[in-house]
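First up is the structure itself, then whatever we jot down about it.
Counting from 1, the numbers follow the sequence of the chain as shown. What's counted below: heavy atoms across the whole structure, side chains too, no hydrogens, waters or symmetry copies.
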Amino acid sequence: MLNFFRNSSKKASLQQLDHLYMQAISKLSVNEKIAYCQRLIESSKYHLEQSCSKKDVPYLKSLIQAAGDEIHKLRSRKDR
């Protein structure tokens with residue numbers, strides 16, 4: 001019997017997954033960063049619903065997760 005183990009590595013951050021966010025968007029205001037992340041989530045979900053290749057699915061799911069995490073982080077900073 002084979003045992004399969006989940007990858008226990010840390011989740012990738014949005015800066016690691018999205019070069020545009022790292023280079024440009026991260027320098028904008030908090031509201032603009034949140035708006036970008038929301039659009040990124042929407043477009044990634046749209047691509048998942050369409051006939052995207054199976055090799056793109058894990059990346060898109062990671063991108064959605066990372067953008068959601070970034071929104072949460074940005075909102076918690078904004079509320080301080």
Inset, instruction - Give the cluster check for I64 versus Y46: same hydrophobic cluster or not, with ILVMFWY residues linked at side-chain heavy-atom distances below 4.5 Å. - result: no
Legend entry - side chain to side chain donor-acceptor pair (under 3.5 Å) against K61, all qualifying residues, sequence neighbours excluded: none
Inset, instruction - Would you kindly confirm whether Y36 and Y59 end up in one hydrophobic cluster when ILVMFWY residues are joined by side chain heavy atoms under 4.5 Å apart? - result: yes
Legend entry - Taking every non-hydrogen atom, the tightest pair across R75 and Q38: NH2-NE2, 3.0 Å
Inset, instruction - Measure from the side-chain N and O atoms of S43 to the backbone N and O of L40, and report whether any donor-acceptor pair falls under 3.5 Å. - result: yes
Legend entry - Close side-chain approach of L74 and N31, heavy atoms under 4.5 Å: no
Inset, instruction - Write down the atom of Q16, the atom of A12, and the distance for their closest heavy-atom approach. - result: OE1-CA, 3.1 Å
Legend entry - Rounded distance (nearest 0.5 Å) linking atom CD1 of I71 with atom CD1 of I34: 7.0 Å
Inset, instruction - Verify the neighbour count for atom NZ of K27: are there more than 12 heavy atoms of other residues, nucleotides or ligands below 6.0 Å? - result: yes
Legend entry - R77 vs V30 side-chain heavy atoms within contact, under 4.5 Å: no
Legend entry - Distance-only side-chain donor-acceptor flag, S62 / Q65, under 3.5 Å: no
Inset, instruction - Please report the C-alpha distance between L14 and I25 in whole Å, then the side-chain angles of each, then the deciding distance to 0.1 Å, and finally whether the side-chain contact (heavy atoms from CB on, under 4.5 Å) criterion is met. - result: CA-CA 11 Å; L14 188 57; I25 305 300; over 6 Å; no
Inset, instruction - Could you pull out the closest heavy-atom pair between S44 and L63, with the gap in Å? - result: OG-CD2, 3.6 Å
Legend entry - Check ion pair E70-K73 (N to O, under 4.0 angstrom): yes
